[in-house]
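Structure, as structure tokens:
Residue numbers start at 1 and run along the sequence shown.
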Amino acid sequence: MTNRRARDRADIVLGEDWDRPQGAVEAELRAARQRRGWFTLNRSPLARKIIIFNLLAIVILVAGVLYLNPFRDSLVLQRERALALEAQLVADVFEASLPRNAPTDLITGDGIDPQEVLSRVGLTQGVNVFVYAPSGVLVASTDTVARNPVRPIQGLDEGQGRTLLVTNFLNAVWEGIATVLSGREMPETVIDQEEMARVLLDDALRGGTVIRRGTNLGGTVYTAATPIQGNTGMVGVLAMTTAAGEIDQLVRVEREQLLQMFLIALLVSFGLGLVLASTIANPLSDLSAAAELGRDKNARKMSPTRVRIPDLTGRPDEIGRLSGALRGMVGALYDRIDSNEQFAADVSHEIKNPLASLQSAVGTMRVARTEDQRNRLLEVIEHDVKRLDRLVSDISNASRLDSELVKEEEEEFDLIRMLGNLSTYHREEADKIDVDFIADLPDEPIVINGLEARLAQVFVNLIGNAISFCEAGDAVRLWARKRQNRVLIVVEDTGPGIPEEALTKVFNRFYSERPVQQFGDHSGLGLAISKQIVEAHGGVIWAENIRPTDAEVTSEPLGARFVVGLPV
């Protein structure tokens with residue numbers, strides 16, 4: 001059976017009582033909580049996993065951004081476009097310096113002096129320009145031209161020099177990893193920039209601007225070549241190269257800024273991970289510590305104090321639900337322990353009564369003188385033996401009931417059909433003692449989900465009890481009605497009724513209020529077992545006396561009524 005009612009009773013310490021526990025076990029747990037700090041989280045595997053996965057997410061994100069390197073591609077594209085435009089502008093200066101109607105030869109200097117024009121361009125440091133004749137002869141270069149120093153621009157923050165030792169280290173580590181992953185090797189020799197420019201000469205002579213990149217010892221070098229057009233056609237090619245590692249330095253700066261943000265995010269994630277771990281791992285640690293201390297206490301220390309589960313039900317999350325479930329489970333466990341202890345005490349008391357009677361009868365038989373006395377003593381012994389046998393059987397059935405209710409599978413069945421079959425059997429029993437049996441059952445079936453045999457045991461017990469309390473001329477009535485989502489089954493009789501003080505006791509184990517002539521015929525477990533079965537089905541059962549509606553409570557009852565309510 002799965003539909004057990006949650007019981008949060010029992011002696012579980014709640015709320016502030018948990019903060020001020022009593023006893024050796026609770027003092028031990030309180031001391032452990034006081035020793036707990038931020039840095040003791042490393043002892044918790046769950047806390048370590050929370051922090052590691054928080055940090056791992058940031059690391060994977062940053063590593064992915066660095067690997068994809070989107071800002072490098074953007075910077076390379078922009079630099080290549082700027083270099084091509086700059087080369088075309090310098091080529092336009094040469095074209096503007098050419099004579100309009102005179103022939104031009106860059107090698108002999110007819111009509112133009114390439115070196116003199118190149119010196120007037122005013123190129124800044126870091127850029128090299130090479131001018132070639134159509135035949136491939138180098139006629140001018142910036143190697144012998146004085147460079148203008150870079151003049152600072154007000155309001156332009158170049159973002160240089162603001163690096164950290166940690167980010168420099170991480171940057172170097174990443175560059176090493178990237179080199180290994182990409183399989184690239186840094187060149188061991190310096191490649192001449194003029195040779196890199198000459199490679200583009202043939203493509204530029206075909207009449208278009210060409211761009212190419214290469215790797216030098218200092219980093220990546222970008223080269224652009226564009227033709228110089230004269231009046232009579234192409235008079236030469238101008239090639240421009242950047243300083244080695246110019247873009248690499250910009251990428252390094254961007255990467256270091258990203259790494260700085262990564263360090264900040266890492267610290268924030270670590271701090272949030274600590275907070276999250278403390279709000280998750282610490283309460284779980286309290287719960288597990290309480291359970292473990294309780295286990296040690298019960299198994300080894302044998303302390304009489306009960307397990308104290310922290311009250312975390314105020315938390316609106318799974319930990320709060322877990323705390324409530326553990327508290328309910330421990331409460332139900334202690335209820336069961338108390339019930340078993342009480343049951344054992346009741347069993348001992350109930351068995352002692354027939355045993356005492358047997359002992360007295362056996363002792364009296366030794367001194368009995370007449371055959372009539374011995375026969376009466378044998379009848380007493382036989383009655384007590386039957387009483388013991390009935391008592392042991394009922395005790396055995398009651399003790400196995402819980403486990404059997406859990407093991408048996410619920411099925412849908414027609415309650416009205418089952419009550420009809422019971423009515424047929426008990427009508428015959430009632431007729432034997434001249435008791436009228438009336439069954440008032442609806443014609444439509446009422447289908448419920450449960451254990452048909454167990455519920456039949458309940459109604460057999462109720463109907464049998466009602467018949468046993470009736471005399472000749474009395475009546476027993478069984479009726480059932482469906483009320484919304486429940487069905488009510490009522491067994492009532494016109495017998496002597498139930499004493500008012502016994503209405504709350506009739507469902508207690510071993511309680512019996514019967515006539516003297518029925519002494520020993522019932523163990524007093526029937527109604528207790530019936531109540532247990534009904535409640536296991538999510539139902540209710542109660543007893544009351546039948547009185548006229550206008551009668552006083554103290555008036556004599558007209559009979560007894562037992563009501564069972566079951567969910568449909």
Any donor and acceptor pair, going by atom type alone, linking the side chain of [X] with main-chain N or O of [Y] inside 3.5 Å?
X      : Y      : result
Thr494 : Ala475 : yes
Asn545 : Ala560 : no
His426 : Phe437 : no
Ser468 : Asn465 : yes
Asp414 : Ile446 : yes
Ser269 : Ala265 : no

Value rounded to 0.5 Å, distance of [atom1] in [X] from [atom2] in [Y]:
X      : Y      : atom1 : atom2 : result
Arg427 : Ile463 : CZ    : CD1   : 10.0 Å
His537 : Leu455 : NE2   : CG    : 4.0 Å
Phe270 : Ile52  : CZ    : CD1   : 10.5 Å
Phe413 : Ile448 : CZ    : CD1   : 3.5 Å
Ser423 : Trp479 : OG    : CH2   : 14.0 Å
Leu462 : Glu492 : CG    : CD    : 12.5 Å

ask   = Hey, are Asn449 and Glu412 close enough side-chain-wise for a donor-acceptor pair under 3.5 Å?
value = no
How close do [X] and [Y] get, heavy atom to heavy atom, and via which atoms?
X      : Y      : result
Ala480 : Pro442 : O-CD, 3.4 Å
Ala543 : Phe507 : N-CE1, 3.9 Å
Gly420 : Leu441 : N-CD1, 3.8 Å
Gly539 : Leu566 : CA-CD2, 4.3 Å
Val476 : Cys470 : CG2-SG, 3.7 Å

Close side-chain approach of [X] and [Y], heavy atoms under 4.5 Å:
X      : Y      : value
Ile529 : Asn461 : no
Phe459 : Leu415 : yes
Val460 : Leu422 : yes
Ile489 : Leu478 : yes
Glu410 : Leu451 : yes
Asp474 : Phe469 : no
Ile498 : Pro557 : no
Leu266 : Val59  : yes

So that I can tick it off, tell me whether [Y] and [X] are bridged by a salt bridge, with the cut-off set at under 4.0 angstrom between side-chain N and carboxylate O.
X      : Y      : value
Glu379 : Arg376 : no
Glu428 : Lys432 : no
Glu452 : Arg417 : yes
Arg477 : Asp440 : yes

request  = Show your working on side chain to side chain contact (heavy atoms under 4.5 Å, CB included) between Val487 and Arg481 and close with a plain yes or no.
outcome  = CA-CA 6 Å; Val487 58; Arg481 296 292 185 272; over 6 Å; no
query = Is it true that atom CD of Gln359 has more than 12 heavy atoms of other residues, nucleotides or ligands lying nearer than 6.0 Å?
reply = no
request  = Show your working on side chain to side chain contact (heavy atoms under 4.5 Å, CB included) between Val540 and Arg486 and close with a plain yes or no.
outcome  = CA-CA 10 Å; Val540 292; Arg486 302 188 74 82; 4.2 Å; yes
